[in-house]
Amino acid sequence: MRASLKLIIEFCHFWFGVVFMDLLIKNGKVVWPDVTLEADLAIDAGKIIGIGSGDVFPKADRVVDAGGNFVVPGGIDPHVHMHVGFMGATTLDEFDTGTMAAAIGGTTTVIDFAFQAKGKLPMESIEARRKEADGKVCIDYTLHSNLTEGNDASIAQIPKIIEMGIPSFKFFMVYRKEELMIDDGNLIPIMEEIKKHGGLAGCHTENVSIIEFLQEQAIKKGNKSPIYHALTRPPINEAEALNRALYISKYLDSAFYDYHLSVKEGVELIRQARKEGFPAYCETTTHYLTLEEDMYKRPDGLNFICSPPLRTRDHIEELWRGLADGTISAVASDQAAFTLEHKKMGKDSFNKVPNGLPGMEFRVPLMFSEGVQKGRISVNRMAAVTSTNVAKIFGLYPKKGAIEIGSDADLVILDPKIKKKITIDDCPYKIDWTPFEGIELQGSPVMTISKGKIIAENGKFVGKTGEGEFVKGKISEEILKRPAA
Ligand code: URP
Ligand code: ZN
Ligand code: ZN
């Protein structure tokens, strides 16, 4: 809808009859994926009830002056791992401390994973994950189901999982030795079942056989330093697996989501698939957009081990191009808060380091600073890739990811003038390092609002633990049929 029309229609209807409302945000530059407008936002009972000029709204209990700063949709991080065991270590942040950190950084919804535990059914892992999160989360959350076994009993649970509001799945094409991998043959019946019931299948795309071969060779030669993590997972390795996953998806005519894309060849594969009209979606992460492979050559190189690995500058620039031209739909943090102590598990060999990096508190600030301020993407595109597209793809829209009448009032006020250098002292939970140390930020969230309540202000969490809720997703037909976000 055109912005001016949007204002007129929304003005007239929805706050009619409300005498007092909870919150008015005035003097903001409100950012939608298609337009930025100076507007005030009326909020009551956790929802947006008016968009326009505050003069005509009912009286508000609280008025926040956005002072001409941007008001963007609350961030939705499509990929986080809170307090989860992986490669022999458990990530540090709990659902309370982790979601507090996310809130401070401008995120109001996270999507975590329920890893199917060995010998258990996926539903048991989902129930266990919900027990861990419910009552603890400070912002809303949902889950992806991460199937690690493709047996009949697991496949039989797919319809129920989708029906309960978890329509998205992840499969590892890697981690064979860790017994997390789903092999190609098994992907067929799993993806068929997901498609049949309106879900979205997605993969961690790396070629396991290439990695195993190259790792074995490297270790035999005594090449165990962190740079060999990248050298044993070359770009071709990820591109080949993505190509294979896309072929399988096309064969099944089933929409596909690629988790944490890091290579330029992959951007081109997704670009082509989408040009053909195929519903291929992908996310990249803030670390692939900002950190280079050379980090592995530093004395602390092992800390940066994540999979896929960090890449060279040419890949980074193509990821930004892919974000700008609409090929890459979303930006995740892939939050996996392993401490320096955890990382030392691999001091003698790169393949023993728990894979993953912390940083969800810097996802929105980095996208604004590195993306918008450096002219790589518009502020509107930033709103799309950090929020609106995620909500659309995973079936949370328009409750989430939208500044529209009736949507949850999940909003972030972002001041483009604030300058600060990222330092570990600003990490709001007990993690002892950040991969983004020293990056200069130009612009940061100054207020985060979740369901109409102010939960973070100027780098401090001011909300309440446990006020976040599980949100159910239902993916639209449009998303599953054609590239629609
Ligand atoms: O290195 C990573 N990405 N660790 C987290 C697990 C995953 O594959 O997403
Ligand atoms: Zn992964
Ligand atoms: Zn991950």
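For the numbers below, each heavy atom of this structure counts, side chains included, while hydrogens, waters and symmetry mates do not. Whatever order the structure lists ligands and atoms in, that order sets their numbers, starting from 1.
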Top protein contact for atom 1 (O) of ligand 1, by heavy-atom distance: Ser307 N, 2.7 Å
Report yes if the distance between the aromatic ring centroids of Tyr259 and His79 is under 6.0 Å, otherwise no. yes
With a 4.0 Å cut-off on heavy atoms, is Phe172 touching ligand 1? yes
List every atom of ligand 1 that sits less than 4.0 Å from any heavy atom of His81, numbering the atoms from 1 in the order shown and giving each element. 5 (C), 6 (C), 7 (C), 9 (O)
Assess the side chains of Glu276 and Gln272: does a donor N or O sit below 3.5 Å from an acceptor N or O? no
Consider only side-chain N and O atoms of His144 and Ser168, and report whether a donor and an acceptor are under 3.5 Å apart. yes
Do any of the N, O or S atoms of Val174 sit under 2.8 Å from the Zn ion (ligand 2)? no
Are Phe394 and Tyr257 an aromatic pair, judged by ring center distance below 6.0 Å? yes
Under the criterion side-chain contact (heavy atoms from CB on, under 4.5 Å), which of Leu441, Val331, Thr386, Leu289 is the partner of Leu366? Leu441
Which atom name would you report as the N, O or S atom of His204 nearest the Zn ion (ligand 2)? ND1
So which heavy atom on Thr232 is nearest to which on His229, and how close? OG1-O, 3.2 Å
Arg271 and Glu318 ion-paired at < 4.0 Å: yes
Could you tell me if Glu238 and Ser262 have a donor-acceptor pair between their side chains, going purely by distance under 3.5 Å? yes
If the cut-off is 2.8 Å, does any N/O/S atom of His260 fall short of it from the Zn ion (ligand 2)? yes
Considering only heavy atoms of Cys306, which atoms of ligand 1 have at least one such atom less than 4.0 Å away? 1 (O)
Proximal atoms of ligand 1 relative to His260 (non-hydrogen, under 4.0 Å): 7 (C), 8 (O), 9 (O)
Before moving on, can you tell me the angle at the Zn ion (ligand 3) between the OD1 atom of Asp334 and the NE2 atom of His79, to the nearest 10 degrees? 90°
As an exercise, identify every atom of ligand 1 less than 4.0 angstrom from a heavy atom of His204. 8 (O)
Enumerate the atoms of ligand 1 whose separation from the nearest heavy atom of Asp334 is less than 4.0 angstrom. 2 (C), 3 (N), 5 (C), 9 (O)
Answer yes or no as to whether an N/O/S atom of His81 is found below 2.8 Å from the Zn ion (ligand 3). yes
Should the pair Asp112-Arg129 be classified as a salt bridge under the 4.0 Å nitrogen-to-oxygen rule? yes
Where ligand 1 meets Lys170 - atom numbers and elements under 4.0 angstrom, heavy-atom basis: 7 (C), 8 (O), 9 (O)
Salt bridge check: are Glu127 and Arg130 linked by an N-O gap of less than 4.0 Å? no
Determine whether any heavy atom of Phe86 lies closer than 4.0 Å to an atom of ligand 1. yes
protein heavy-atom neighbour closest to atom 4 (N) of ligand 1 works out as Asn355 O, 3.1 Å
Could you list the atoms of ligand 1 found under 4.0 angstrom from a heavy atom of His79? 9 (O)
